Novice: 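This is the structure, below, for whatever I ask next.
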Amino acid sequence: MADEDKKPSNFIRDIIAEDLQSGKHEAIQTRFPPEPNGYLHIGHAKAITIDFGLAREFNGKVNLRFDDTNPVKEETEFVDAIKEDIAWLGWSWDKECYASDYFEQLFEWACSLIEKGLAYVDDQNGEEIRLNRGTLTEPGKPSPFRDRTPEENLDLFQRMRAGDFPDGSKVLRAKIDMASPNMNLRDPVMYRIIRQHHHRTGDKWCIYPTYDYTHGQSDSLENVTHSLCSLEFEDHRPLYNWFIEKLEIFPSRQIEFARLNLTRTIVTKRKLRQLIEEQHVHGWDDPRMPTLRGMRRRGFTPESIKDFMARVGVTKFNSRTDFALLEHCLRQDLESRAPRRMAVLDPIKVTITNFPEETEWYEGPNHPGDASFGTRKVPLTREIYIERDDFMEDPPKKYFRLAPGREVRLRYACYITCTKVIKDEAGNVVELEAEFDPESRGGSTPDNRKVKGTIHWVSATENVKFEGRLYDHLFMSDDPEDVEEGHTFLDNLNPESLQVITAYGEPELAQHGVGDIVQFERKGYYCLDPDSTPDQWVWNRTVSLKDSWAKKG
RNA sequence: UGGCCUAUGGUGUAAUUGGCAACACAGCGGAUUCUGGUUCCGUUAUUCCAGGUUCAAGUCCUGGUAGGCCAGCCA
């Protein structure tokens, strides 16, 4: 492809290209290693794009590996949800793997480490281990059990597996360096005793390996050449390499990159859960959530997310990307693929006093720039709805919508001129009257006179009434988690992140199915929500159109 | 007063590896338009600081400064 070489470089791509060119690897293998304890979010999408994207770009392979080493947090439900979300993004994996498939191998390797005097069983409890680990500035103290013989350790470790000891009473630790400035090297725990049903291994095990003792070896077993992860694992890399070296197994290479941060967005699992539990949102797939399920329901497309990730790039710098970039990618994608429809979200009735009693049908293109979308017919009747803010009784200079005595075009239909403003007792404009020019049917007149404004409209009698859910950012500040003393991220919640309205759309709207995305002309992109029922349509606002008029006002 | 990592317009990134700092988003201005959308054109603004090496430094060296991560039997 032509734009293949336009792809901006990043340091990981460079490393891979170099490794391939130098012959270090004939082909590359990556992996995406989620822990099945929650739903995927936009942050995961970055990792997915990198892991799958790079593998595909270099004709390599990518495994989906579930990092299921902690049975207390993991569930099959999440395994399925994760697979579904990755597939939705449009990626397919070469092998589906589970760290738990390697438990036996990992156990054997642990025994070999014990035999080499590189691991020992520690009887200290969690509290003691923590206390003796030292601090960032002080070295740790060796465990009193650190110098047990390999024979004793092996026996103890086997009995740990056999279930001879209660939960938490013993751990297996790597024997490295209690004085290391890198805390991860101060004899990290390799195994802990946990009597808990595992989603795949059932009750076969009562000891479970830790992430550090599992991840690198899993990579190695799968011949992962480039193990890409986020920055917080930088400090773990020496340990990752240590296990691989001591075990003398295939040397996978861990490379870290910065995770994605977005303005007005949080992805912290605990806080997302809190939002649900305290009912600030309606669930993991609430369209305001940064979860892939939420974004899908909102109307985000996989293409827009991938495009976004390509533009965000890959670095080791902790940055925060403007949400507007994601919205730009979304709009750009939707612009070319969403059929156009008309819907009035905040209606005011207009009676076209000289309009005939019979309905007139006008034809409009489904896409202004792509004839392959075809056309559809829209009914115009004597009474219509227009957008409340498309009328102003006393308009400013540059306002070119409807006003008393002012003429506008009803999109796809004809010209109308406002002839009367009807108000209630409080002086609010409640209804309008207008006259249409019969000559203007079709959208233009023989005299070719210009009308400044074109507005959208919906018949007041022949329409589809629906519920509109107008979504906005869940948070008002760029970094919702950056709060002053005494405040929490909840204080940054946008009270208007969801506005529910009753709206009216053209009849064609009834032809759409759940998940369809259309553009309500002059308003925004909308996605048909799964909550829709035969007698209550629900359209979610995916993202509004850019509005350079509103900005000026 | 520990270790590791990072620093380029407002934001996110690039820079043929020492050779005219560029792209996108956002902003601003204009043209086109039956969407105040799209499209097109234009425009504002950048190498954390101080030294050093060099004909030449965003890039190399030294020293600062600022930010991120690490003291789970989480991943």
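Just so it is clear, the structure is predicted and the values come from calculations on it, not from any experiment. The sequence lines fix the lettering, A, B, ..., with proteins before strands; numbering per chain opens at 1.
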Novice: Go ahead and name the base partner of B:A71; Watson-Crick or wobble counts if both distances stay under 3.5 Å, otherwise write none.
Specialist: none
Novice: Below 4.0 angstrom, N of the basic side chain to O of the carboxylate: do A:Arg411 and A:Glu521 qualify?
Specialist: yes
Novice: Less than 4.0 Å between a side-chain N and a carboxylate O, is that true for A:Arg401 and A:Glu387?
Specialist: no
Novice: Considering only the C1' atoms, how many Å lie between B:G2 and B:U44, rounded to the nearest integer?
Specialist: 45 Å
Novice: So does A:Arg133 pair up with A:Asp187, basic N to acidic O under 4.0 Å?
Specialist: no
Novice: Does NZ or CZ of A:Lys377 lie under 6.0 Å from the centre of the six-membered ring of A:Tyr362, at an angle within 45° of the ring axis?
Specialist: no
Novice: Can you tell me if A:Ser548 touches the phosphate of B:G37, counting only side-chain N or O atoms and a distance under 4.0 Å to OP1 or OP2?
Specialist: yes
Novice: Between B:G19 and B:U47, how far apart are the two C1' atoms, rounded to whole Å?
Specialist: 16 Å
Novice: For B:U59, give the paired nucleotide (Watson-Crick: N1-N3 plus N6-O4 or O6-N4; G-U: N1-O2 and O6-N3; both under 3.5 Å), or none.
Specialist: none
Novice: Using the P atom on both, measure B:A21 against B:U62 and round to a whole Å.
Specialist: 26 Å
Novice: Output yes when a side-chain donor or acceptor of A:Arg331 lies under 3.5 Å from a complementary backbone atom of A:Val543, and no otherwise.
Specialist: no
Novice: Centre of A:Trp205's six-membered ring, under 6.0 Å away, within 45 degrees of the axis: is that where NZ or CZ of A:Arg161 sits?
Specialist: yes
Novice: Need to verify one output field. Residue with the more 5' nearest nucleotide on RNA chain B, A:Thr321 or A:Ser444?
Specialist: A:Thr321
Novice: Between B:U65 and B:C74, how many Å separate the two C1' atoms, rounded to a whole number?
Specialist: 34 Å
Novice: So, is A:Thr315 close to the B:U13 phosphate, meaning a side-chain N or O under 4.0 Å from OP1 or OP2?
Specialist: yes
Novice: Check whether any side-chain nitrogen or oxygen of A:His328 sits under 4.0 Å from OP1 or OP2 of B:C25, and answer yes or no.
Specialist: yes
Novice: Quick check for you: among B:A14, B:U17, B:U35, whose closest atom lies nearest to any side-chain atom of A:Asp14?
Specialist: B:U17
Novice: Pick the P atom in B:G52 and in B:A15, then give their distance to the nearest Å.
Specialist: 29 Å
Novice: Quick one: is A:Arg320 getting a side-chain N or O under 4.0 Å of the B:G12 phosphate, OP1 or OP2?
Specialist: no
Novice: With the sugar-phosphate defined as primed atoms, P, OP1 and OP2, and the base as all remaining atoms, what B/S/- string results for nucleotides 68-75 of chain B, 5' to 3', for protein heavy atoms under 4.0 Å?
Specialist: SBBBSBBB
Novice: Taking the same atom, P, in B:C48 and in B:U8, what whole-Å distance lies between them?
Specialist: 6 Å
Novice: For B:U46 versus B:A22, give the span between their P atoms, rounded off to a whole number of Å.
Specialist: 12 Å
Novice: B:C41 and B:U32: how far apart are their C1' atoms, nearest whole angstrom?
Specialist: 11 Å
Novice: On RNA chain B, compare the nucleotides closest to A:Phe317 and A:Pro368; which residue's is nearer the 5' end?
Specialist: A:Phe317
